Amino acid sequence: METVGFIGLGNMGMGMAANIQKADYPLVVYDVRQAATQPFVTAGARQAGSPAEVARLSDVVLTSLPGPREVEAVALGADGVLAGIREGGIYVDLSTSRPTLIRQIEPQFRAKGAHVLDAPVSGGKSGAASRNLAVMVGGEQEIFERIKPLLDAFGDKVFYAGAIGAGSVCKLVHNMIGHGVRQAIAEGLTLGVKAGVEAEALWQCVRRGALGRMSSLHDGMPRTVFRGTFEPPSFLLSLARKDISLATELGREFDVPMPVANLAEQLCIESLNRGWGDLDSSITFLLQEEAAGVEVRAPQVDVERAARFISTHPDAE
Ligand code: NAD
């Protein structure tokens, strides 16, 4: 089994490293907070004095650090991973970091005959502890396949995302969508409570309705946007506009600021003025594609399979 070096044993790192140790990989650990390495050393891991030493002692080096500043320092700084990496060694950054940074780091390792992957994770501290983690991996596919068993030791949803940096792009997109959705939920729940409904009832409504099944994610997107077709409509744009306008009207009645909802309404109105009222409401997506100068198509995504995902992965959300 490969010797695994782990640098950064914080909220995420401690759970992931514990699962790697549980899977019987020999472990070398380092953290600026020495106390963080203690439980691993007690369980048999070797303590290193610097990232370079971790790299000298390991076949695969993993880092789980706060952000780009720390990743750059640990990977490239004096006594960093690059200084100690062996020819054929593999460096994997698990941090949520800047795609451009890992794309700058990778050639410097390649020049020493070593490999780099970016593999940010999603699932939180409890997911890291319980091996309930998505791991999104960018870099050479062959290196990904080679260390997949190691990634499987701490993640249950490991997937290959593309060339170096692709994992980090995926992670930033994932979190950015999450923040947008959270703001929309915040607007909806404040509106609902102010308009006289108990928070628990609103929560039930969100969970029991189409939103709770995440139907737009599981079959809506593959059926419409990914194919570039918005017919036959399953929900008319003209009806969506009516709904969002009733909500923003209620927001004005109860003095609830709703920036995301009002923006969504404006985009509905603009789409209606394009003559798209009788098409599926997901057609508002085309305005964003036009603004961004790019199309989002994936006709190969199987609608039936995407729709079934929710019933086979009840905890997927
Ligand atoms: P954390 O701050 O708890 O852990 C970071 C660890 O890195 C700490 O133990 C710290 O001492 C160590 N460290 C910092 N600088 C160092 C250096 N120069 N050398 C060696 N060790 C150093 O952070 P976290 O919550 O574990 O997050 C780690 C990464 O995972 C971040 O990029 C974060 O965005 C990402 N992430 C976090 C979560 C979450 O829910 N916490 C979920 C998904 C992804």
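Indexing begins at 1, ligand by ligand and atom by atom, following the structure's order. Treat the numbers as computed from the prediction; the structure is a model and nothing was measured. The first residue in the sequence is number 1, and the count goes up from there.
At least one heavy atom of P66 sits closer than 4.0 Å to an atom of ligand 1. For the pair K171 and ligand 1, a heavy-atom separation below 4.0 Å is found.
At under 3.5 Å, not a single nitrogen or oxygen of S122, backbone or side chain, sits near a nitrogen or oxygen of ligand 1.
Remark: the S234 side chain and the R223 side chain contain an N/O donor-acceptor pair separated by less than 3.5 Å.
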Under the side chain to side chain donor-acceptor pair (under 3.5 Å) criterion, do S168 and D118 qualify, and how do the steps go?
-> CA-CA 7 Å; S168 304; D118 60 318; 2.8 Å; yes
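Nearest-residue assignment for atom 27 (O) of ligand 1 (options M12, M16, K125; heavy-atom criterion): M12.
Taking 4.0 Å as the cut-off between side-chain N and carboxylate O, R297 and E289 count as a salt-bridged pair. Under the 4.0 Å criterion applied to side-chain N and carboxylate O atoms, D59 and R86 are assigned as salt-bridge partners.
The single protein non-hydrogen atom nearest to atom 4 (O) of ligand 1 is G10 CA, 3.2 Å, given as residue, atom name and distance. Of the protein's non-hydrogen atoms, L65 O, 3.3 Å is the one closest to atom 29 (C) of ligand 1. For atom 35 (C) of ligand 1, the closest heavy atom belonging to the protein is T96 OG1, 3.5 Å. Protein heavy atom closest to atom 18 (N) of ligand 1, with residue, atom name and distance, is V74 CG2, 3.5 Å. Atom 44 (C) of ligand 1 has as its closest protein heavy atom V121 O, 3.6 Å. Looking at atom 40 (O) of ligand 1, its nearest protein heavy atom turns out to be G124 CA, 3.5 Å. Among all protein heavy atoms, the one lying closest to atom 10 (C) of ligand 1 is D31 OD1, 3.6 Å.
Within the 4.5 Å cutoff, the side chain of V116 has heavy atoms near those of the I164 side chain.
Using a 4.0 Å threshold on non-hydrogen atoms, atom 23 (O) of ligand 1 does not count as touching the protein.
Remark: ligand 1 atoms within the under-4.0 Å shell around heavy atoms of S95 are 32 (O). Taking every heavy atom of S64 and a limit of under 4.0 angstrom, the matching atoms of ligand 1 come to 5 (C), 6 (C), 7 (O), 28 (C), 29 (C). Listed by number with element, the atoms of ligand 1 under 4.0 Å from a non-hydrogen atom of I7 are 20 (C).
The residue A36 has no part lying near ligand 1, judged by heavy-atom distances below 4.0 Å. When non-hydrogen atoms are compared, ligand 1 lies under 4.0 Å from neither the backbone nor the side chain of L94.
The environment of Q300 atom CD is dense: over 12 non-hydrogen atoms of other residues, nucleotides or ligands sit within 6.0 angstrom.
Residue E106 forms a side chain to side chain donor-acceptor pair (under 3.5 Å) with just one option from Q104, R110, R103, and that option is R110.
Between F144 and Y160, the ring planes are tilted. Angles from 30° to 60° get that label.
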